[in-house]
Amino acid sequence: MKLIEAIIKPFKLDEVKDALNAIGIEGITVNEVKGFGRQKGHTELYRGAEYVVDFIPKIKMEIAVSDDLVAKVVETIQNSAKTGRIGDGKIFVISLEEAIRIRTGEQGDDAI
């Protein structure tokens with residue numbers, strides 16, 4: 001099992017979610033986060049004063065999947081979140097030791 005974490009632009013969330021639903025992914029955890037990479041923020045003008053916004057709003061998605069679905073999920077996220085501009089985000093694939101469904105006690109692939 002793997003945990004896939006994807007950091008994407010907020011306006012791409014619905015498109016990514018719909019694409020994941022289309023390939024059969026039902027469980028997604030979504031958090032609103034802030035951060036920066038090479039983009040390094042941007043400057044804004046507020047009441048005549050210019051200031052730097054270091055942390056840019058992003059969406060962090062977490063999806064637990066069985067090993068055989070990893071490539072398909074990564075490809076789907078990559079294709080649906082891509083704008084071709086800086087700041088599109090990152091995808092991380094992390095090994096997941098165990099998953100347990102609290103309600104039924106199911107473990108492993110059965111829990112996800």
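Reckoned from all heavy atoms, side chains included, excluding hydrogens, waters and symmetry mates. From a predicted model like this one, the values you see are computed outputs, not experimental measurements.
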Show me the donor-acceptor pairs, under 3.5 Å and distance only, between side chains in residues 97-112 and residues at least two apart or in other chains.
unit_1, atom_1, unit_2, atom_2, d
E98, OE2, G108, N, 3.0
R101, NE, E106, OE1, 2.8
R101, NH2, D110, O, 3.2
R101, NH2, A111, O, 3.1
T104, OG1, E106, N, 3.3
T104, OG1, E106, OE1, 2.9

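- Test I8, V73, I4, I7 against I91 for side-chain contact (heavy atoms from CB on, under 4.5 Å) and you get one pass: I4.
- E5 places none of its side-chain heavy atoms less than 4.5 Å from the side chain of M61.
- Scanning for side-chain hydrogen bond (donor to acceptor under 3.5 Å, both in side chains) contacts around D68 gives S66, with sequence neighbours left out.
- Follow the hydrophobic side-chain contacts under 4.5 Å out from I77 and you never reach L96; the two are in separate clusters.
- Annotation: the span from K2 atom NZ to F92 atom CZ amounts to 15.5 Å, rounded to 0.5 Å.
- Annotation: side chain to side chain donor-acceptor pair (under 3.5 Å) contacts involving residues 74-84, sequence neighbours excluded, comprise T83-D88.
- Between L3 and V65 the shortest side-chain heavy-atom distance does not fall below 4.5 Å.
- A search for salt bridge (Lys or Arg N to Asp or Glu O under 4.0 Å) contacts involving K12 returns E15, not counting sequence neighbours.
- Once rounded to the nearest 0.5 Å, the distance linking CE of M1 with CD1 of I94 reads 13.5 Å.
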Side-chain donor-acceptor contacts of residues 16-35 below 3.5 Å, not counting sequence neighbours, with atom names and distances?
none

